[in-house]
A.B. asks: 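I have a structure I would like to understand better, so I am pasting it below and will then ask my questions one at a time.
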Amino acid sequence: MRNSIRKLFLLACLGASFIIIIGFLNRLHPAFDTLAHFRLHASAGLILVCLFLFFQERIKLGLLALIIALAGFSYSYSGTGFAALHRDSIPDRPTYKMFHFNLLWLNTRKQHTIDRISQLDPDLISISEASETWEPFLSQLSARWPNMAHCPEGHIRGGVKILSKWQLDPSNDYCGDFGSFQKTDVILKGGDRVTLGVVHPRWPWPASGPRQVDSFLPVLSRLGPDALIAGDFNATTWSWGVQRFADAGGLSIHPGIGGTWMFGILPAGLVRIIGLPIDNVMSKGSVRILSVQSLEEMGSDHLPLMIEFQIQ
């Protein structure tokens, strides 16, 4: 029995180490990037294995595993709540709020979500999986958020939308295939122009998410000087897919949002700790993000985000 347990822990050590190490090769092939999504969880599991190895007096192996685990954690730290970034607001500059949410096309709490958005009263709303079943509910928001940009998906899950209290300029709009990426310009107070984007590519390899990101790169290279982009990237904060998107647009990835997705089976408190941070926020130029906070569960398998920002 003791030998079986020892073998089990050794296998766990090898498996977690493999996920972490091969994930560092994620720029070479999207399959490696898929494994890198679980780098943080593999690192946490490997630390537990290290404790067992030390207890078994396998000191050298335990130290090697610990080094691998710490390397994995350090390269995924930006996606954890420990890296949360909060900035003080600039006096005499207006502060704006943008609500971002993957609605989930089969959400059974649609009216609750609409009521909560109205209560939060953000300046801007970016949503994905805005399916036809959501339309009667989203129409309730049109009086307060009359300006809209919509990139339809054409299938049952629905596309992405941006709703705004402020005027939108559609002259530079872009709509990616299958509702994967919508961008438009918003004119804020004093004529400040910001490119807004909402992103929802498909899953990582072997699904088509990486190919969709490839199709965004020419558009991102022509992104305006000031931009704010949020989305369900279906990819973690530290992944090469998210970094490649940001690099192409000259965008900075906001750190420390924490977990936002875990199959919709965990309470929000646990999702923030052990969920995957696949809802990400990026900015560019004069857009100064003050904070990004995940909100309470609203019937989706994702947590909503509230983004506060200023134009500096």
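Counting begins at 1 with the first residue of the sequence. Predicted, not measured: the structure shown is a model, and the values here were computed from it.
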A.B. asks: Sequence neighbours left out, what pairs pass side chain to side chain donor-acceptor pair (under 3.5 Å) with at least one residue falling in residues 214-223?
C.D. replies: D214-R244

A.B. asks: Tell me whether L290 shares a hydrophobic cluster with M98, the cluster being built from Ile, Leu, Val, Met, Phe, Trp, Tyr side chains joined at under 4.5 Å.
C.D. replies: no

A.B. asks: Rounded to the nearest 0.5 Å, what separates atom OG1 in T184 from atom CG in L168?
C.D. replies: 5.0 Å

A.B. asks: Listing request: all salt bridge (charged side-chain N to carboxylate O under 4.0 Å, His left out) pairs with a residue in residues 168-187, at least two apart in sequence or in separate chains.
C.D. replies: D169-R193, D185-R193

A.B. asks: For L120, is there any backbone N or O sitting under 3.5 Å from a side-chain donor or acceptor partner on K97?
C.D. replies: yes

A.B. asks: Determine, for F178 and R202, whether the Lys NZ or Arg CZ falls below 6.0 Å from the six-membered ring centre while staying within 45 degrees of the axis.
C.D. replies: yes

A.B. asks: Under the rule for ring-ring contact (aromatic ring centres under 6.0 Å, His included), what residues qualify as partners of F24, not counting sequence neighbours?
C.D. replies: Y75

A.B. asks: I want to check something: taking the side chain as every heavy atom from C-beta on, are I90 and D92 in contact at a cut-off of under 4.5 Å?
C.D. replies: no

A.B. asks: Going only through I, L, V, M, F, W and Y residues with side-chain contacts under 4.5 Å, is there a path from L46 to I21?
C.D. replies: yes

A.B. asks: Could you give all pairs that pass the side chain to side chain donor-acceptor pair (under 3.5 Å) test and reach residues 124-136, with sequence neighbours left out?
C.D. replies: H100-S126, N102-E129, S131-T133, E135-K161

A.B. asks: Is it true that a side-chain atom of D33 and a backbone atom of W240 form a donor plus acceptor pair closer than 3.5 Å?
C.D. replies: yes

A.B. asks: Provide the full list of salt bridge (charged side-chain N to carboxylate O under 4.0 Å, His left out) pairs with a residue in residues 136-154, sequence neighbours left out, each pair given once.
C.D. replies: D121-R144

A.B. asks: Just so I know, are the side chains of S180 and F216 near enough to count as touching, which here means a heavy-atom distance under 4.5 Å?
C.D. replies: yes

A.B. asks: Contact between L124 and V186 at the side-chain level, heavy atoms closer than 4.5 Å - yes or no?
C.D. replies: yes

A.B. asks: Can you tell if the side chain of Q111 reaches within under 4.5 Å of the side chain of Q140, non-hydrogen atoms only?
C.D. replies: yes

A.B. asks: Are L10 and V49 close enough that some pair of their side-chain heavy atoms sits under 4.5 Å apart?
C.D. replies: no

A.B. asks: C50 and G62: which non-hydrogen atoms are nearest, and at how many Å?
C.D. replies: SG-O, 3.6 Å

A.B. asks: For F309, enumerate each residue passing the ring-ring contact (aromatic ring centres under 6.0 Å, His included) test, keeping only those at least two apart in sequence or located in another chain.
C.D. replies: Y96

A.B. asks: Checking S239 side chain against V242 main chain: does a donor-acceptor pair fall under 3.5 Å?
C.D. replies: yes

A.B. asks: Would a distance-only check, ignoring hydrogens and angles, find a side-chain to backbone donor-acceptor pair under 3.5 Å from Q312 to V287?
C.D. replies: no

A.B. asks: Is there a side-chain contact (heavy atoms from CB on, under 4.5 Å) between D232 and V199? Walk through the geometry before answering.
C.D. replies: CA-CA 6 Å; D232 167 14; V199 186; over 6 Å; no

A.B. asks: Check for me, please, whether L228 and L251 land in the same ILVMFWY cluster - side-chain distances under 4.5 Å, paths through other members count.
C.D. replies: no

A.B. asks: How close do I19 and F38 get, heavy atom to heavy atom, and via which atoms?
C.D. replies: CG2-O, 4.1 Å

A.B. asks: Begin from the C-alpha positions of I117 and I125 and carry the test side-chain contact (heavy atoms from CB on, under 4.5 Å) through to its verdict.
C.D. replies: CA-CA 9 Å; I117 291 173; I125 301 168; 3.6 Å; yes

A.B. asks: Tell me, yes or no, whether the heavy-atom count around L14 atom CG, taken from other residues, nucleotides or ligands under 6.0 Å, exceeds 12.
C.D. replies: yes

A.B. asks: Using modelled atom types only, decide if a donor and an acceptor are shared between the side chain of Y174 and the backbone of V219 within a distance under 3.5 Å.
C.D. replies: no

A.B. asks: A side-chain contact here means heavy atoms from C-beta on lying under 4.5 Å apart; do L53 and C13 qualify?
C.D. replies: yes

A.B. asks: Going by heavy atoms in the side chains, are L106 and I156 under 4.5 Å from each other?
C.D. replies: no

A.B. asks: Say you draw a straight line from CG of L276 to CZ of F233; how long is it, rounded to the nearest 0.5 Å?
C.D. replies: 15.0 Å

A.B. asks: With sequence neighbours excluded, tell me which residues meet side chain to side chain donor-acceptor pair (under 3.5 Å) with W238.
C.D. replies: T236

A.B. asks: Please answer: with hydrophobic residues joined when any side-chain heavy atoms are less than 4.5 Å apart, are L103 and V160 in the same cluster?
C.D. replies: no

A.B. asks: Kindly write out the residues that satisfy disulfide bond (SG atoms under 2.5 Å apart) with C151, not counting sequence neighbours, or none if the list is empty.
C.D. replies: C175

A.B. asks: Under the ring-ring contact (aromatic ring centres under 6.0 Å, His included) test, which residues partner H29, sequence neighbours left out?
C.D. replies: W205

A.B. asks: Could you walk me through whether Q243 and D247 pass side chain to side chain donor-acceptor pair (under 3.5 Å), step by step?
C.D. replies: CA-CA 6 Å; Q243 187 63 57; D247 288 347; 2.8 Å; yes

A.B. asks: Mind checking the CG-CG spacing from L303 to L295? Nearest 0.5 Å is all I need.
C.D. replies: 8.5 Å

A.B. asks: Name all pairs fulfilling the disulfide (SG to SG under 2.5 Å) condition that reach into residues 192-230, sequence neighbours left out, sorted by first residue then second.
C.D. replies: none

A.B. asks: Can you list every pair that meets side chain to side chain donor-acceptor pair (under 3.5 Å) and has a residue in residues 269-298, with sequence neighbours left out?
C.D. replies: R109-E297, R116-E296, D226-S286, T237-N280, T260-D279, R272-S294, D279-H302

A.B. asks: Is there a donor-acceptor contact under 3.5 Å linking the side chains of D301 and W261?
C.D. replies: yes

A.B. asks: Minimum heavy-atom separation for P122 to K165, with atom names?
C.D. replies: O-CE, 3.4 Å

A.B. asks: To the nearest 0.5 Å, tell me how far H254 NE2 sits from I289 CD1.
C.D. replies: 5.5 Å

A.B. asks: Distance-only, no hydrogens or angles: does the T80 side chain make a donor-acceptor pair with backbone N or O of S76 under 3.5 Å?
C.D. replies: no

A.B. asks: Atom CD1 in I22, atom CG in L28: separation rounded to 0.5 Å?
C.D. replies: 8.5 Å

A.B. asks: If hydrophobic clusters are built by linking Ile, Leu, Val, Met, Phe, Trp and Tyr wherever their side-chain heavy atoms come under 4.5 Å apart, do F137 and F101 end up in the same one?
C.D. replies: yes

A.B. asks: If you compare all heavy atoms of A36 against all heavy atoms of G23, which two are closest, and at what distance to 0.1 Å?
C.D. replies: CB-O, 3.7 Å

A.B. asks: With sequence neighbours left out, write down each residue that passes salt bridge (Lys or Arg N to Asp or Glu O under 4.0 Å) with R58, or none if nothing qualifies.
C.D. replies: none

A.B. asks: Please name the pair of heavy atoms, one in A42 and one in A16, separated by the smallest distance, quoted to 0.1 Å.
C.D. replies: O-CB, 3.7 Å

A.B. asks: Answer whether the closest heavy-atom distance between the side chains of I274 and L266 falls below 4.5 Å.
C.D. replies: yes

A.B. asks: Can any side-chain N or O of D192 pair as donor or acceptor with the backbone N or O of L188 at less than 3.5 Å?
C.D. replies: no

A.B. asks: Taking all non-hydrogen atoms of both residues, which atom of I307 and which atom of A230 are closest, and how far apart?
C.D. replies: CD1-CB, 4.0 Å

A.B. asks: For F181 and F245, what are the C-alpha separation, side-chain angles and deciding distance, and is it a ring pair (Phe, Tyr, Trp, His ring centres under 6.0 Å)?
C.D. replies: CA-CA 11 Å; F181 180 25; F245 184 103; 5.6 Å; yes

A.B. asks: Given side-chain contact (heavy atoms from CB on, under 4.5 Å), test V281 with L305 step by step and report yes or no.
C.D. replies: CA-CA 9 Å; V281 180; L305 300 179; 4.0 Å; yes

A.B. asks: Could you go through W166 and I187, starting from their C-alpha distance and side-chain angles, then the distance that decides it, and tell me whether this counts as side-chain contact (heavy atoms from CB on, under 4.5 Å)?
C.D. replies: CA-CA 6 Å; W166 299 86; I187 313 300; over 6 Å; no

A.B. asks: Measuring from M282:CE to I253:CD1, what's the distance to the nearest 0.5 Å?
C.D. replies: 4.5 Å

